Protein chains: 2
Amino acid sequence: MSDAQAPENRRASAKVGKESKEGKDSKEGDERHEAIYRAVSDAIVEQRLKPGARLREDALAEVFGISRTGIRKILQRLALEQLVTLTPRRGASVTRPTADEAKDVFDARQLIECGLMPDVARRMGEKEAAELREMAKRERQALRSGQQSVAIRLSADFHVRLAQLSGNATLAEFVERLCSRSSLILAVYGHRGHLGCESHDHDDLIGYLEAGNGERAKAFMSRHLKAIEASLSMVEEEENVPDLQQIFGG
Amino acid sequence: MSDAQAPENRRASAKVGKESKEGKDSKEGDERHEAIYRAVSDAIVEQRLKPGARLREDALAEVFGISRTGIRKILQRLALEQLVTLTPRRGASVTRPTADEAKDVFDARQLIECGLMPDVARRMGEKEAAELREMAKRERQALRSGQQSVAIRLSADFHVRLAQLSGNATLAEFVERLCSRSSLILAVYGHRGHLGCESHDHDDLIGYLEAGNGERAKAFMSRHLKAIEASLSMVEEEENVPDLQQIFGG
DNA sequence: ATGCTATTTATTGTATACACCAAATCCAGC
DNA sequence: GCTGGATTTGGTGTATACAATAAATAGCAT
């Protein structure tokens, strides 16, 4: 069964709905959707749902105890964020990023995240630094305890929080999307046991930012991202059907 | 009448559907959705649908001859792009950008579009330059013939095409979203008769790019965007109800 | 036996019906 | 006449039923 049903459903009470006609629907329904969205999104980012995995509407609907209507909404959102691919009459599946897409994503991060560093440095305070250090710490812990997928997500969270501190909500949202996709890319192309982000890096970065040294932070972020990208092994494991040509085509 | 109903509706045949039961549904349905999406999106960008305008699902469903289901899908997509605002039990309305959002958007454009210029300059060829000049020309024509809303959209198209020429699809998509929102911002905060983008600017920019002078183009784009932003009158015409506090509160 | 076609099946696409909530309206009471 | 609450109404949220299509399978002919 590989990795089905969410191992750590802190939220997402799982299959209520059906016969819970008495007490309304517990949550306001809207929050429930958000929770489900997050559950699926996290599962993808943490590679519990692997690239290429089919996401059947019925199945999801049953697991989460809502009807297909709500599931479709969530799948569409995920599709717009390019975490899932929606093929016309074939349904949804977890996106398998191509090498080109990976390059685009990291180039974009290079441009945006680095460009944001001066702003972040300017708005960095005690509280923010403390929060970031806490995040970096949790990330390190996850890594040490062998929970690589969780660490990947925490690392993404760190980068997103950083972007949010720039004060530009729009760019922060872009970074959020880029980080999600990066997690997917790491999950596919990353070497096992070698997480892209060394959490030590993150601590160093906080230092520069706390010192208000935006330029230094920018340069560091640039190297940091380059290091992540360089750690990837960009071999497109084409499991389609081109083997014959390659093997016999001679 | 300003400029109502699409002056050049190349696509979006408008209200077929209903009695077209004979030949299947003409288009593959998927393309139809895309067409409707574009029709609404364009209408918003061209200010035929003004900020604050309510978008009732029934009404849209009837106009386009599909059911609410399809409309909802489209509205959600527009909401994710922040062109429409979806309030929980109140339905959809065209987003009224705040001053803060406007600042974020233009800061983001400053960072991304300027950062893209060197890449664009590097990949600029004869054909691309010719295409861009053609676009600039059409924009100028629209402006001269008084079709300001159309000109706004064409201007956005120009910036988007430029970003696409960078070769980074992800960043190009971001620019697309930023340009849509910019059009909305211009529609709200722009002075009538003074379009943000002087089309002459665009021609100059093409020149620098064609000469392969990325840095020059970058600096020019920066000034260009600053000029647009500066041309806005950022008065939030608050038509809410806070007058009482302000007037008597002292 | 193999290749082609027809049927079946599994799954998505779409519409519609119903439930539910919020606002507008109307009526009663002060 | 104005305020407060109950009722009506308009519109969204959700589920379910049905239609359509592509893949899988079985059957038939060569």
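Note that the structure is predicted; figures quoted are calculated from it, not measured. Labels below follow one simple rule: chain letters A, B, ... track the order of the sequence lines, proteins then strands, and each chain is numbered from 1.
What separates NZ of A/K73 from C1' of C/dT14 is a distance of 17 Å, to the nearest Å. In this structure, A/E62 atom CD and C/dT11 atom P are separated by 12 Å, rounded to whole Å. Rounding to whole angstrom units, CZ of residue B/R54 and C1' of D/dG10 are separated by 10 Å. Spacing between atom CD1 of B/I36 and atom C1' of C/dT14 amounts to 12 Å, rounded to whole angstrom units. Per the geometry, CD1 belonging to A/I74 stands 11 Å off P belonging to D/dA15, to the nearest Å. Distance A/D58 CG to C/dG13 P: 12 Å, rounded to the nearest Å. Atom CZ in B/R72 sits roughly 14 Å away from atom P in C/dA15 (whole-Å rounding). Put simply, CZ on B/R56 is 12 Å from C1' on D/dT9, counting in whole angstrom units.
Of the candidates C/dT16, D/dT12, D/dG13, C/dT16 carries the atom nearest the B/S67 side chain, counting heavy atoms from C-beta on. Residue A/R89 has its side chain nearest to C/dG13 when only C/dG13, C/dT16, C/dT12 are considered.
At a cut-off of 3.5 angstrom, counting only N and O atoms as typed in the model, there is a donor on one side and an acceptor on the other between the side-chain of B/R68 and the base of D/dG13.
Taking A/T95 as the reference, A/T85 meet the side-chain hydrogen bond (donor to acceptor under 3.5 Å, both in side chains) condition, with sequence neighbours excluded. Taking B/Q82 as the reference, B/R181 meet the side-chain hydrogen bond (donor to acceptor under 3.5 Å, both in side chains) condition, with sequence neighbours excluded. Under the ring-ring contact (aromatic ring centres under 6.0 Å, His included) criterion, A/F158 pairs with A/H202, not counting sequence neighbours. By the salt bridge (Lys or Arg N to Asp or Glu O under 4.0 Å) test, A/E173 is found to be paired with B/R177, residues two or more places apart in sequence or in another chain being considered. Taking the side-chain contact (heavy atoms from CB on, under 4.5 Å) definition, one finds that A/S166 meets it with A/L116, A/D119, A/V120, A/N168, sequence neighbours left out.
Note on the helix from C/dA1-D/dT30 to C/dC30-D/dG1: terminal axis deviation equals 20°, with five pairs used at each end and the result rounded to 10°.
With rounding to the nearest 0.5 Å, the separation of CD in A/E131 from CG in A/L162 is 10.5 Å.
Of the residues listed (A/E176, A/E139, A/M135, A/R138), the one engaging A/D157 in a side-chain contact (heavy atoms from CB on, under 4.5 Å) is A/M135, and it is the only one.
Residue A/R90 is in sugar-phosphate contact alone, with no base atom involved, counting any heavy-atom pair closer than 4.0 Å across all strands shown.
Taking for each of B/T69 and B/E57 the nucleotide of DNA chain D with the nearest heavy atom, the 5'-most of the two is the partner of B/E57.
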